[in-house]
Amino acid sequence: MQQIFIFIFKNSYRLLFLLLLVVSLVFTIQSHSYHRSKVISSANFLSGGVYERINNVSEYLNLKNQNEALAIENARLKSIIFNAKDTTTFPKIDSIKGVRNADIIVSKVIHNSYNVYENYLTINSGSAAGVKSDMGVINSSGIIGIVDKTSKNYATVISILNVKSQINAKIKKSNHFGSLVWNGKSTGFVQLIDVPRLASVRKGDTIVTGGQSVIFPENIGVGTINNIYVDNKTNYYTLNIKLFNDMTNLGHVYIIKSKDREEILNLEKKENE
């Protein structure tokens, strides 16, 4: 306490000056509307900036919850889309045959390899969530791969960037089919092989899933034609496809569960027998 009095005594003139300055400013602001409005607007600016920064921090800390909510909502919307329309275009009313019984499981990629010839993903959903082998995996941009093995809470996915991957796909505008493979070179491109020379193909044409399997619904986006080659040995086209997806940057994904899968496989098995 004694030190406080000593400080006040030593700085009495300075403190008196500051006190009189504050009092004069208060009287000036109160008696002049212009000064008062400037002070109020400045205070609002400062407080608004503080609130904005607090809100930004709060939003940043809450990003995980927001992303989870958005992923669930996207899954619901995609389920509606698959039940009603082409997934590569917006609002069409015509339905896609064989899609109405598809269901979707939302998941997230927790490990992603893309720098070897046989690339796999790991997702944080497994048999407990209904994930099984040979289910198709996509995201909002297009196909990603096929479920390989599952545990209770996790599953591995054969990436489309896997030299052993082979998926039925087609040219959207003409419905000519081929096999989607990867030559192991670029993470941004896959190849559609065995496309007949009768097919009309042009650079920029859209490639989608063909629907000739029970893994992917028809018309899920794959990419666009970047280059066209002719295989002189087989007289078929080989198309270099620029992927819609950035396979090096994957987050939430959707696993497609077809309720008709077992019925179709059992029927085909009987036919083969």
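Everything numeric in this text was worked out from a predicted model, so none of it was measured.
Contact of the T206 side chain with the F244 side chain is registered, since non-hydrogen atoms from C-beta on lie closer than 4.5 Å. At a threshold of 4.5 Å between non-hydrogen side-chain atoms, the residues I160 and W182 do not count as touching. I143 is not listed as a side-chain neighbour of N245, based on a closest heavy-atom distance of 4.5 Å or more. Between K203 and T224, the closest side-chain pair of non-hydrogen atoms is not below 4.5 Å. Taking 4.5 Å as the limit, some side-chain heavy atom of L239 sits within range of a side-chain heavy atom of I171. Side chains of L243 and V222 form a contact here, defined as non-hydrogen atoms less than 4.5 Å apart. With a 4.5 Å cut-off on side-chain heavy atoms, I256 and M135 do not count as touching. Looking only at side-chain heavy atoms (C-beta outward), P196 and Y237 stay at 4.5 Å or farther from each other.
Counting non-hydrogen atoms of other residues, nucleotides and ligands closer than 6.0 Å to OH of Y114 gives a total of 12 or fewer. Other residues, nucleotides and ligands contribute more than 12 heavy atoms inside 6.0 Å of the CZ atom of F189. Surrounding NZ of K173 are more than 12 heavy atoms belonging to other residues, nucleotides or ligands, all under 6.0 Å away.
Not a single donor-acceptor pair under 3.5 Å links the side chain of S174 to the backbone N or O of A199. Judged purely by atom type and a 3.5 angstrom limit, D134 has no side-chain atom pairing as donor or acceptor with the backbone of I215. Judged by distance alone, with hydrogens and angles left aside, the side-chain atoms of S159 form no donor-acceptor pair with the main-chain N or O of G145 at under 3.5 Å. In this structure a side-chain-to-backbone donor-acceptor pair under 3.5 Å is missing from T238 to Y229.
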Evaluation steps, side-chain contact (heavy atoms from CB on, under 4.5 Å), between I144 and I138: CA-CA 5 Å; I144 289 174; I138 67 169; 5.6 Å; no
Test side-chain contact (heavy atoms from CB on, under 4.5 Å) applied to Y154 and I110, step by step: CA-CA 10 Å; Y154 301 95; I110 60 174; 3.6 Å; yes
CA sep, side-chain torsions, deciding dist, call: I167, I146, side-chain contact (heavy atoms from CB on, under 4.5 Å): CA-CA 9 Å; I167 297 169; I146 300 172; 4.0 Å; yes
From CA spacing to verdict: side-chain contact (heavy atoms from CB on, under 4.5 Å), E118, V163: CA-CA 6 Å; E118 296 180 16; V163 293; 3.9 Å; yes
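In this model, no donor atom of one side chain and acceptor atom of the other lie less than 3.5 Å apart for N124 and K108. Between Q191 and N240, the side chains place a donor N or O and an acceptor N or O closer than 3.5 Å (distance only, hydrogens not considered).
Within the model, atoms CE of M247 and OG of S113 stand 9.0 Å from one another, a figure rounded to the nearest 0.5 Å. Here the CG atom belonging to N226 is positioned 9.5 Å from the CD1 atom belonging to I228, to the nearest 0.5 angstrom. Taken to the nearest 0.5 Å, the CD1 atom of I241 stands 5.5 Å off from the CG atom of L192. Residue N175 holds its CG atom at 4.0 Å from NZ of K170, rounded to the nearest 0.5 Å. Here the CG-OG1 distance, from N119 to T248, works out to 11.5 Å after rounding to the nearest 0.5 Å. In this structure, CG on N219 lies 6.5 Å from NZ on K172, to the nearest 0.5 angstrom.
Nearest heavy atoms, R197 versus V230: NH1-CG1, 3.2 Å. S133 and D148 make their closest contact through OG-O, 2.6 Å (heavy atoms, listed as atom of the first residue, atom of the second, distance). The two residues A129 and I105 come nearest to each other via the heavy atoms O-CD1, 3.4 Å.
I193 and I225 fall into different hydrophobic clusters, where Ile, Leu, Val, Met, Phe, Trp and Tyr side chains are chained together by heavy-atom contacts under 4.5 Å. I158 and L180 fall into different hydrophobic clusters, where Ile, Leu, Val, Met, Phe, Trp and Tyr are joined by side-chain heavy atoms under 4.5 Å apart, directly or via other members. The cluster map of Ile, Leu, Val, Met, Phe, Trp and Tyr, joined by side-chain heavy atoms under 4.5 Å apart, puts Y120 and V116 in different clusters. There is no path of hydrophobic side-chain contacts, each under 4.5 Å, that joins V137 to V181. Both V190 and V201 are part of a single hydrophobic cluster, where members link through side-chain heavy atoms under 4.5 Å apart.
In summary, of the residues considered (V253, L121, V147), a side chain to side chain contact (heavy atoms under 4.5 Å, CB included) with S107 occurs for V253 alone.
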